[in-house]
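Written below as structure tokens is the structure these notes are about.
Letters A, B, ... are given to chains in the order of the sequence lines, protein chains preceding strands, and every chain is numbered from 1. Just so you know, these numbers use all the heavy atoms, side chains as well, and skip hydrogens, waters and symmetry mates.
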2 protein chains.
Amino acid sequence: MTTESRKQREIREREELILSAAQTLLHEHGYNHLTMDRVAETVEYSKGTIYNHFTSKEDLVCSLGCRCISNLIDVFERAYQYSGTTRERYSAIGIGYSLYNQLHPMDAQNVQTVKNNAVREKVSEYKLAEMETLEQKITTIARSIVQEAIDCGDLDKSHQDDVNTIVFGCWSMHYGALLLDQSDIPLQQLGFSPVVNMLWKNANIYLDGYQWQPSSTTIDTDKLFEKISSALFADEINLLKQAV
Amino acid sequence: MTTESRKQREIREREELILSAAQTLLHEHGYNHLTMDRVAETVEYSKGTIYNHFTSKEDLVCSLGCRCISNLIDVFERAYQYSGTTRERYSAIGIGYSLYNQLHPMDAQNVQTVKNNAVREKVSEYKLAEMETLEQKITTIARSIVQEAIDCGDLDKSHQDDVNTIVFGCWSMHYGALLLDQSDIPLQQLGFSPVVNMLWKNANIYLDGYQWQPSSTTIDTDKLFEKISSALFADEINLLKQAV
DNA sequence: GACAAAATTTGACGTTCCGTCATATTATTG
DNA sequence: CAATAATATGACGGAACGTCAAATTTTGTC
């Protein structure tokens, strides 16, 4: 009983030790510098032990990705619980997503790494399933808000069949934007504004296209951004300010 | 003179030989199966010779990416020359992009691989610059159409400052959508429709948000999709039908 | 055409890193 | 305390990258 649970706790704790060591290596020197030997050396266990926890380097990296998605779920849940219009709550998700990615650019990069087929090939089935479950959880939150908007009339009932399309639209827009932002394409040099600004504007325009009330043309969007981010993401904002 | 140009031609031809061998390997067995030794064996030159053309495996893969972007530029240029409203021409870009990615899913995956920092680190400066130039060319085409829309009044002049934001919005939406489509996330299982359909709908809604005339609410969008794709991308459509 | 110099090609080799597995060590149980 | 089970270890095999001295081919000159 006690023995068993102590054992399990030890295993879990070591797993976390490995994960945080890996994350540090990843953040400080990038994917190529993260090697299983280095991880083993850092946590002072042998490589074999690391492989008792993770079936491959890619499996380890995927676990880090799962962690990030869990963090994002927190962000999404906070947004979900915001007391405002459905549109504000939905926008809050996007804002949270943007801020999280600004704060942890490496995390998003890492999640994207796992999407790469060459990497994905080597991740264990089990871990892939875990990631999928987490992603499903995230889309469910987004979907709920869209559905509530239809139910309360903020979104026209004629869009009932578009719930998934709307979720997908915002998802793809944010996902694409943040990936472009990260991928060393010199957007600023190409004449583009900071991505968070463009994204906020575009998301609003997109939702206006669906006539999700209240339209962004009737309100001060800068103020709304400010309001939501200070209400829900004060910590993130502070950290971001410190970073600059 | 002749000698010099013959030499250069030989080099260029061999480079193409290497690239197409690499592409085949990549398409048939994925990134991990693509090795420099295998490429060398396939083209019947030694590895050293391959390295005279490409500074690393990643550099070779990046060259393949550049090829894909060149193909996309063709697509974009066709769209640019379409004789229709500015909105139709801009939409044509998106349609072309979607179709190209449907037809060559591996290509898009490959371009994305190069965006990954772990890969990018190892690409030569020269090749990165080449890719950047090509990407710049693409955004310029998109930007031109938006500008023309403003000039002719299809888009309100108040959006003059948003030209880049509009280009970025469509780009990110399409880019994100197609990446999500490729990344083994079982979208259909999660209840989502085929990505090309959602993307077409969302792009229209987005442009409606900017009130780019004529609004999608006043026309039959299915017909428009049909019209544009058969006018500009008949070849691609045929190939897609054959593939099914 | 012969020979020297320059350019190019070659593949064996050094290195890095992954993942395994026989052996050593520690823990559990009777 | 001894036998057995569970776990940890790191030396090792293998795959792939990228290099470079030597071999080969091409170019240039007389």
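Between Arg38(A) and dT16(C), a side-chain N or O to OP1/OP2 separation shorter than 4.0 Å is absent. In terms of phosphate contacts, Asn52(B) brings no side-chain nitrogen or oxygen within less than 4.0 Å of OP1 or OP2 of dT8(C). Side-chain nitrogen and oxygen atoms of Tyr51(B) include at least one within less than 4.0 Å of the OP1 or OP2 phosphate oxygen of dG18(D).
Here the side chain of Ser46(A) is nearest to one of dG19(C), dA16(D), dG10(D), namely dG10(D).
Per the geometry, CD1 belonging to Ile11(A) stands 13 Å off P belonging to dA6(D), to the nearest Å. In this entry the distance linking NE2 of His53(A) with C1' of dG19(C) reads 16 Å, nearest Å. In this structure, Tyr45(B) places its OH atom 13 Å from P of dT25(D), rounding to the nearest Å. Distance CD1 (Ile50(A)) to C1' (dT20(C)): 15 Å, rounded to an integer number of Å. A straight line from CG of Asp37(B) to P of dA12(C) spans 11 Å, rounded to a whole angstrom. Taking atom NZ of residue Lys57(A) and atom P of nucleotide dT16(C), one finds them 15 Å apart after rounding to whole Å. As rounded to whole Å, 15 Å separates atom P of dA16(D) from atom CG of Leu60(B). The CG-P distance, from Asp59(B) to dC17(D), rounds to 13 Å in whole Å.
Residues from residues 13-36 of chain A placing a heavy atom under 4.0 Å of any atom in DNA chain D, listed by number, are Arg14(A).
Under the 4.0 Å criterion applied to side-chain N and carboxylate O atoms, Arg38(A) and Glu28(A) are not assigned as salt-bridge partners.
Of the possible polar contacts, one joining the Ser56(B) side chain to the Lys122(B) backbone as a donor-acceptor pair under 3.5 Å is found. Asn101(A) contributes a side-chain N or O that, together with a main-chain N or O of Tyr97(A), makes up a donor-acceptor pair within less than 3.5 Å.
Trp200(B) and Phe225(B) have perpendicular rings, their planes meeting at more than 60° on a 0 to 90° scale where under 30° would count as parallel.
Contact annotation: the side chain of Tyr31(A) never approaches that of Asn116(B) to less than 4.5 Å [non-hydrogen atoms, C-beta and beyond].
Under a cut-off of 6.0 angstrom, the local environment of CD in Glu41(B) is sparse, with at most 12 non-hydrogen atoms contributed by other residues, nucleotides or ligands.
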What nitrogen or oxygen pairs link the protein and nucleotides 13-15 of chain C at under 3.5 Å?
none

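Under the 3.5 Å distance criterion, with hydrogens and angles disregarded, no donor-acceptor pair is assigned to the side chains of Lys57(B) and Thr35(B). Looking only at atom types and distance, the side chain of Asp107(B) has a donor-acceptor partner in the side chain of Tyr100(B) under 3.5 Å away.
Residue contacts shown for Ser56(A) are limited to sugar-phosphate atoms, with no base heavy atom under 4.0 Å away.
Checking Glu10(B), Glu16(B), Glu15(B) one by one against Arg12(B), the salt bridge (Lys or Arg N to Asp or Glu O under 4.0 Å) holds for a single residue, Glu16(B).
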